[in-house]
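Note sheet for the following structure.
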2 protein chains.
Amino acid sequence: MIRDSRLSSVLHGLLHMIGAGEPVTSEQLAQAMATNPVVVRRVMAGLREQGLVHSEKGHGGGWTLARDPTDITLADIYRAVGEPTIVAIGHRSENPGCLVEQAVNDALGDTFREVEALFLKRLGGVTLEALAKDFKRRLAKHKQSLEDQIHAVK
Amino acid sequence: MIRDSRLSSVLHGLLHMIGAGEPVTSEQLAQAMATNPVVVRRVMAGLREQGLVHSEKGHGGGWTLARDPTDITLADIYRAVGEPTIVAIGHRSENPGCLVEQAVNDALGDTFREVEALFLKRLGGVTLEALAKDFKRRLAKHKQSLEDQIHAVK
DNA sequence: CATCATGTAACATGTGAAGTTACATGATAC
DNA sequence: GTATCATGTAACTTCACATGTTACATGATG
């Protein structure tokens with residue numbers, strides 16, 4: 001099953017980067033992603049390799065988006081975060097000669113590819129920009145609700 | 001991602017059970033599944049709960065198929081082996097109030113369900129019987145190829 | 001050249017699946 | 001009945017892998 005917690009974590013970081021108008025340090029991202037700076041660098045390194053983010057050393061350095069958020073989809077991020085294949089059924093001790101697995105792969109190989117394609121296609125339909133917009137909307141709503149509560153207490 | 005090694009393991013066991021005309025012990029299945037008897041019982045217990053296999057204690061006891069192999073699909077087995085949901089993107093520390101995840105789920109919730117449905121639908125299209133037939137065909141071919149090699153050496 | 005930030009290797013920890021041991025329960029053969 | 005065989009299951013151990021941590025190198029800025 002697909003249960004990516006890294007993708008979720010990375011999205012937190014990226015939304016944070018969109019909000020800030022300047023480079024965000026690994027230290028700051030670590031807070032947004034509820035982890036520590038080294039892990040942030042490790043994960044973000046994958047995104048950098050895919051050209052999604054950019055990193056700068058020294059004073060005023062940190063992480064910035066390398067592309068326009070309208071040009072980055074969740075599929076890009078998912079791939080960059082680095083899942084090998086989405087669907088695969090196999091034995092632990094890779095046994096390519098195993099006749100049972102050959103039969104399974106013959107029966108379901110196309111299915112695996114089909115499911116993976118559908119998944120990535122849908123991820124590809126959601127841009128970082130769209131996600132950010134929706135997030136901001138929720139944030140505003142949330143704020144409003146808190147204010148209402150305060151008002152009610154008065 | 002889906003990378004079930006248990007399903008593959010269980011299939012080995014089930015094909016073994018189809019071949020044998022009598023109950024197969026956990027000991028024997030453990031060999032076919034490259035593990036040990038207790039693990040076999042643990043995994044098979046899930047299949048029994050779903051009514052796919054039957055177990056008998058004592059002399060001459062062991063595991064047998066509870067339904068006709070034409071009536072068991074890979075979807076049944078997959079479910080019985082017990083994967084919770086196929087696709088889910090979430091933070092480790094389940095944080096249902098997290099606005100980022102709410103936004104992601106709003107954008108992709110339907111997709112997750114759609115991908116899962118497609119996957120299970122395809123698994124549902126392959127019966128254990130069909131798989132066993134294909135497996136036997138491969139086995140025969142494999143045997144033939146070995147005999148040919150022996151013949152060539154002579 | 002002091003400071004800040006990333007880059008990365010090496011090691012530590014946590015977690016969940018798989019493996020193991022031990023013993024209880026039930027069924028069959030004698 | 002009782003010896004034997006097989007499953008049922010709890011408790012513990014081991015293993016693999018992701019994550020977390022420490023330490024230090026590299027490069028950029030003031």
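Please read all numbers here as calculations on a predicted model, not as lab measurements. Here is how names work: the chains are called A, B, and so on, in the same order as the sequence lines, proteins then strands, and each is numbered from 1.
In this structure, of D:dT7, C:dT20, C:dG19, it is C:dG19 that holds the atom nearest to the side chain of B:T35. The side chain of A:V38 has C:dA9 as its nearest neighbour among C:dG7, C:dA9, C:dT20.
To the nearest angstrom, P of D:dA18 lies 7 Å from CZ of A:R6. At whole-Å resolution of the value, CG in B:N36 and C1' in D:dG8 are 14 Å apart. Residue A:R48 contributes atom CZ, which lies 4 Å from atom P of C:dG7 at whole-angstrom precision. A straight line from CE of A:M17 to C1' of C:dT6 spans 14 Å, rounded to a whole angstrom. To the nearest angstrom, P of D:dG27 lies 15 Å from NE2 of A:H54. Whole-Å rounding puts the A:M44 CE to C:dT8 P distance at 16 Å. Atom P of nucleotide C:dG19 and atom CD of B:Q31 are separated by 14 Å, given to the nearest angstrom. As rounded to whole Å, 8 Å separates atom C1' of D:dA3 from atom NE2 of B:H59.
For A:K57 against D:dT29, a side-chain-to-base donor-acceptor contact under 3.5 Å is absent. For B:R42 and C:dT20, a side-chain-to-base donor-acceptor distance below 3.5 Å is present, hydrogens and geometry of angles not being considered.
We find the CG-CZ distance between B:L65 and B:R67 to be 10.0 Å, quoted to the nearest 0.5 Å.
OP1 and OP2 of D:dA6 both lie 4.0 Å or more from every side-chain N or O belonging to B:S26. Contact annotation: B:R41 reaches the phosphate of D:dT7 (side-chain N/O to OP1 or OP2, under 4.0 Å). Side-chain nitrogen and oxygen atoms of A:S55 include at least one within less than 4.0 Å of the OP1 or OP2 phosphate oxygen of C:dG7.
Taking a 6.0 Å sphere around CD of A:Q31, one finds it holds 12 or fewer heavy atoms contributed by other residues, nucleotides or ligands.
A:Q102 and A:D106 form no side-chain donor-acceptor contact under 3.5 Å, judged by distance and modelled atom types alone. A:S8 and B:E101 share a side-chain donor-acceptor pair at under 3.5 Å.
Here A:G60 lies out of heavy-atom contact (under 4.0 Å) with every strand. Within the nucleic acid shown, A:E56 comes within 4.0 Å of sugar-phosphate atoms alone, with no base atom in reach, counting heavy atoms only.
In the hydrophobic clustering of ILVMFWY residues, with side-chain heavy atoms under 4.5 Å counting as a link, B:V81 and B:V38 come out apart.
Mapping B:E27 and A:G58 onto DNA chain D by nearest heavy atom places B:E27 at the nucleotide closer to the 5' end.
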